[in-house]
Amino acid sequence: MSRAPRRVPAPAFPCVRCGRPLRREPRGAAHPRGALKVACPSCRFRIYDYPRICVGFVVVKRGHVLLLTRGDEPKRGWFDLPGGFLEEGEDLAKAARRELREETGLTVGPAELIGLYWDRYPLPGFGEFPTLSFYFVARWRAGAPKAADDAAEATWVAWGDLAGRRRRFAWRHMSRVLADARRVLAEARRVL
């Protein structure tokens, strides 16, 4: 059972029709906990707090996992997995590979979908919005990761050392992603 997301007060932003501040309110008991209705109290214009789709990779190499240190806000300096937002028209797996190349320069072998994970992404000037992330697991092929794009550092971390870094994971879903990746690899009897 997942925890309810922690809400951070959102700054006001203007209605595209009349310019007055929009209000964010819970959608009600029939909707999932945390779902918001974003509406203008003046002209009644509404937008929906739809999730943004993200993709990512758990890259493994001889008992190690690739972790990034975020170079940009939000969560600058926190640990992250390679990934980012899906762009219009992209295939999930191809988008995850694109993000991996942009952030590390690496390519990986065959990828397997681990699962999908809900979270929240804070955007300065807007507030938080929901994300739905699709993660893949794959083995490293060759080369050394070079941090680029919005990654400040790329480091191989032993599976056993991940527990000590959890407090600095950028996103709540990362512990579950890593546990699920390990389970998927074990079930497939692949070498970690």
Side-chain angles (χ1 to χ4, degrees), residues 1-8 51-86 92-93 95-109 111-124 128-192:
M1 185 171 182
S2 64
R3 273 190 325 210
R6 184 178 59 86
R7 291 278 179 202
V8 174
R52 279 51 165 204
I53 299 174
C54 301
V55 292
F57 256 109
V58 175
V59 181
V60 296
K61 172 187 171 186
R62 293 188 221 113
H64 292 76
V65 177
L66 183 65
L67 282 188
L68 304 180
T69 301
R70 292 184 58 81
D72 294 336
E73 293 296 342
K75 308 280 187 162
R76 178 191 288 175
W78 291 62
F79 296 117
D80 202 353
L81 293 165
F85 292 98
L86 184 72
L92 293 172
R97 287 179 187 278
R98 174 187 53 77
E99 286 287 345
L100 178 65
R101 270 190 317 279
E102 288 175 1
E103 293 180 344
T104 69
L106 291 180
T107 56
V108 292
E112 184 171 345
L113 180 66
I114 302 168
L116 54 99
Y117 304 84
W118 286 99
D119 216 321
R120 307 277 310 165
Y121 189 91
L123 188 64
E128 290 185 336
F129 56 81
T131 58
L132 179 59
S133 299
F134 292 80
Y135 277 91
F136 297 85
V137 63
R139 292 183 46 95
W140 163 86
R141 278 202 169 157
K146 294 177 183 71
D149 196 27
D150 57 355
E153 186 179 348
T155 310
W156 293 108
V157 177
W159 281 103
D161 293 341
L162 289 172
R165 296 175 188 248
R166 280 197 175 99
R167 284 187 174 183
R168 296 290 295 168
F169 282 174
W171 316 111
R172 285 188 306 264
H173 68 270
M174 284 180 60
S175 293
R176 288 192 334 262
V177 171
L178 291 164
D180 290 349
R182 196 161 194 177
R183 178 188 45 76
V184 165
L185 291 167
E187 287 173 0
R189 298 176 193 234
R190 294 186 186 143
V191 176
L192 298 176

Heavy-atom side-chain contact between [X] and [Y] under 4.5 Å:
| X | Y | value |
| --- | --- | --- |
| Trp171 | Trp78 | no |
| Phe136 | Val58 | no |
| Leu92 | Ile53 | yes |
| Met174 | Tyr117 | no |
| Val60 | Trp159 | yes |
| Leu178 | Leu81 | yes |

key: Distance-only side-chain donor-acceptor flag, Ser175 / Arg166, under 3.5 Å   = yes
Which distance, rounded to the nearest 0.5 Å, do you find between the [atom1] of [X] and the [atom2] of [Y]?
| X | Y | atom1 | atom2 | result |
| --- | --- | --- | --- | --- |
| Glu103 | Arg70 | CD | CZ | 8.0 Å |
| Trp118 | Leu132 | CH2 | CG | 4.5 Å |
| Asp80 | Leu68 | CG | CG | 6.0 Å |
| Leu67 | Asp161 | CG | CG | 10.0 Å |
| Arg168 | Lys75 | CZ | NZ | 9.0 Å |
| Phe79 | Glu153 | CZ | CD | 7.5 Å |

Give the minimum heavy-atom separation between [X] and [Y], together with the two atoms involved.
| X | Y | result |
| --- | --- | --- |
| Ile114 | Ala181 | CD1-CB, 3.6 Å |
| Ala142 | Leu106 | O-CD2, 3.7 Å |
| Ala147 | Ala154 | CB-N, 3.9 Å |
| Phe57 | Tyr135 | N-CD2, 3.8 Å |
| Arg172 | Arg120 | NH2-CG, 3.6 Å |

Any donor-acceptor N/O pair, Arg97 side chain to Val108 backbone, under 3.5 Å = yes
ask   = What do the steps show when you test Trp156 against Leu66 for side-chain contact (heavy atoms from CB on, under 4.5 Å), and what is the final call?
value = CA-CA 5 Å; Trp156 293 108; Leu66 183 65; 3.7 Å; yes
